[in-house]
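Here is the structure we will look at, set down as structure tokens.
Per chain, numbering begins at 1; letters A, B, ... match sequence-line order.
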2 protein chains.
Amino acid sequence: MGTRRGYHHGNLRRALLDAALAMFVARGSFDFTLRELAREAGVTHNAPYRHFAGKSELLAALREEGFGALAEACRAALVAAGPDDVRARVRALGEAYVRFAVGHPHHFRLMLYDPLGGEGPAPAREPGGAFALLQGSLEEARAAGVVRADLPTREIALAAWALVHGLASLMVERHVPADEARLRRHVKVLDALFFEGASA
Amino acid sequence: MGTRRGYHHGNLRRALLDAALAMFVARGSFDFTLRELAREAGVTHNAPYRHFAGKSELLAALREEGFGALAEACRAALVAAGPDDVRARVRALGEAYVRFAVGHPHHFRLMLYDPLGGEGPAPAREPGGAFALLQGSLEEARAAGVVRADLPTREIALAAWALVHGLASLMVERHVPADEARLRRHVKVLDALFFEGASA
DNA sequence: GGCTCATGTTGACATCGCCCACATCGCCCG
DNA sequence: CGGGCGATGTGGGCGATGTCAACATGAGCC
């Protein structure tokens, strides 16, 4: 990790982010200390301030990374699902979303846990474009005529997002055991709820 | 608030909890300080330790209260919905859940945000019995024959919970604007997804 | 080769969490 | 009714933290 060669570290920013992530994988919480990260990186207690204005800014950077990773996971799931079966694409998306959350619970929590910005105007930031992907896939599916026709696409998209995000959240917070079987069943339910006819 | 009459405060515990709640309504975060709460309550920096072993224990107490309040809100919604229309009962539950979250975002966040307990065995704590209520209502509905028949009740219950919890979470985290219209539409979607035939 | 600016260091201060011993007071029991 | 005891709050202290300001170092560019 913190293999510095001389006076300068080389890539302290990265090292700090990694240390922070490792820190709250070890504990369950985000209450690490900046000085601790500095020590971990082999640097004095003030070096981090050259890269982040404070703890909150460091967390924001991590959050950003998390959003990126989630979006990437979703895109990867889409290409893995192939372009043909629009219905399978939606399922793949939902599954990837939950799987990311369960696989990176700390990142997911952090992303979820923006400090509320002080009640200001709603930022309306969305988790890494995942919702846009989902909405797009649902539009494909609708165009293909497999989506149930009694609800507008926009509402279905929000419901699908909530369904998936809800399970992810419940599993990450361990209100529901995060086992594979449950995940698969949930995706099937999602399929049954939003699509018409038997699943593939 | 902190109207103490003499050496003793009278109800410091309550005062501290209220102060803590007020504190992260003011800011957006839980990073208040115990000393600050003590000042707010008009006692010295060590008095809180007579009531809570530390900050985490105070937060746990608040969480507990939140769970209680949520369960109460759900029960109230059930009685308000009346005993007859089992389908309306489910809708009322979902609506109450989201409404609670939107109405008490800090409490909801706090409840959501259990420090992960250090990766130990899943506590499987459920948000104030809300899930049990939902499951019960869905069983009523199934017995009445209004629930879609192609999915087991257990799965439907989990999906309904996820759907509702997901929207609550998305709204609290402001990924989705928390307006009334959206809430109502979402409840309608929930109804359409899980029940058969047109809604009342 | 020297300048400059980003990066890291050193020192300092107010504050925090938590530990200690001590003070005060409500309340029970004789 | 009065003494004592346990619960509650006080005061002081220690190590650690976040953040500020001044200084040191060295990489890159001319």
Side-chain angles (χ1 to χ4, degrees), chain A residues 1-63 110 113-118, chain B residues 1-63 110 113-118:
Chain A
M1 281 289 170
T3 52
R4 62 186 304 188
R5 283 164 298 208
Y7 190 94
H8 283 28
H9 182 283
N11 199 347
L12 182 54
R13 182 187 166 90
R14 182 72 265 153
L16 289 173
L17 291 175
D18 291 344
L21 205 47
M23 207 66 92
F24 60 74
V25 168
R27 324 163 182 188
S29 189
F30 306 122
D31 58 359
F32 59 86
T33 125
L34 271 194
R35 283 170 120 105
E36 210 170 356
L37 295 188
R39 275 192 297 267
E40 199 70 23
V43 134
T44 47
H45 66 260
N46 259 323
Y49 283 85
R50 296 293 162 186
H51 298 272
F52 305 98
K55 188 154 122 183
S56 56
E57 197 167 291
L58 189 150
L59 286 177
L62 274 178
R63 206 160 9 231
L110 179 57
Y113 201 58
D114 210 332
L116 268 192
Chain B
M1 277 295 168
T3 54
R4 61 187 307 190
R5 282 163 301 206
Y7 190 96
H8 282 40
H9 181 284
N11 200 346
L12 183 54
R13 182 187 166 91
R14 183 70 265 154
L16 289 173
L17 291 174
D18 291 343
L21 205 48
M23 207 67 92
F24 60 75
V25 168
R27 320 165 185 186
S29 187
F30 306 122
D31 57 357
F32 59 86
T33 113
L34 271 194
R35 284 169 119 105
E36 210 170 357
L37 295 188
R39 275 192 296 266
E40 199 70 23
V43 291
T44 47
H45 62 123
N46 261 323
Y49 284 86
R50 295 294 163 188
H51 298 272
F52 305 98
K55 186 154 122 185
S56 56
E57 197 167 293
L58 189 151
L59 286 177
L62 272 180
R63 211 166 357 238
L110 179 58
Y113 202 58
D114 211 331
L116 269 192

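Minimum atom distance to the side chain of Tyr49(B) is reached by dG17(C), of the listed dG17(C), dG8(C), dG9(D).
In this structure, His51(A) places its NE2 atom 14 Å from C1' of dC5(C), rounding to the nearest Å. We find that CG of Leu59(B) is positioned 12 Å from P of dG17(C), with the value rounded to whole Å. Taking atom CE of Met23(B) as the reference point, atom P of dC16(C) lies 10 Å away to the nearest angstrom. Rounded to a whole Å, the CD atom of Glu57(A) is 15 Å from the C1' atom of dG18(D). Spacing between atom CZ of Phe52(B) and atom P of dT8(D) amounts to 12 Å, rounded to whole angstrom units. Distance, Glu36(A) CD to dC16(C) P: 20 Å, rounded to whole Å. Whole-Å rounding puts the Leu37(B) CG to dG9(D) P distance at 14 Å. Following rounding to the nearest Å, Asp31(A) (CG) and dG18(D) (P) show an atom-to-atom distance of 11 Å.
Taking both residues in full, the closest heavy atoms of Pro48(B) and Leu12(B) are given as N-CD2, 4.5 Å, listed atom of the first, atom of the second, then distance. Heavy-atom minimum distance, Leu62(B) versus Leu21(B): CD1-N, 4.4 Å. Closest approach of Ser29(B) and Phe24(B) over heavy atoms only: O-CB, 2.7 Å.
Rounding to the nearest 0.5 Å places CZ of Arg13(A) at 8.0 Å from CG of Leu58(A). Remark: Leu16(A) CG to His51(A) NE2 distance equals 6.5 Å, nearest 0.5 Å. In this structure, the separation between CZ on Arg14(B) and CG on Asp18(B) is 4.5 Å, given to the nearest 0.5 Å.
Contact annotation: Thr33(B) side-chain N/O to dC16(C) OP1/OP2 distance is under 4.0 Å. OP1 or OP2 of dC16(C) lies within a sub-4.0 Å distance of a side-chain N or O belonging to Arg39(B).
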Scan the side chains in residues 32-39 of chain B for donor-acceptor partners under 3.5 Å anywhere in the protein, sequence neighbours excluded, and list what turns up.
residue, atom, partner, partner atom, Å
Thr33(B), OG1, Arg35(B), N, 3.1
Thr33(B), OG1, Glu36(B), N, 2.9
Arg35(B), NH2, His45(B), ND1, 3.0
Glu36(B), OE1, Arg27(B), NH2, 3.0
Glu36(B), OE1, Thr33(B), N, 3.3
Glu36(B), OE2, Arg27(B), NH2, 2.3

Kindly give the atom pairs (protein nitrogen or oxygen, nucleotide nitrogen or oxygen) under 3.5 Å for nucleotides 12-15 of chain D.
residue, atom, partner, partner atom, Å
dG12(D), O6, Asn46(B), ND2, 2.6

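Of the residues near DNA chain D, Arg50(A) and Phe32(A), the one whose nearest nucleotide (by heavy atom distance) lies more toward the 5' end is Phe32(A).
Inter-axis angle, ends of the helix from dG1(C)-dC30(D) to dG30(C)-dC1(D), five pairs per end, rounded to 10 degrees: 10°.
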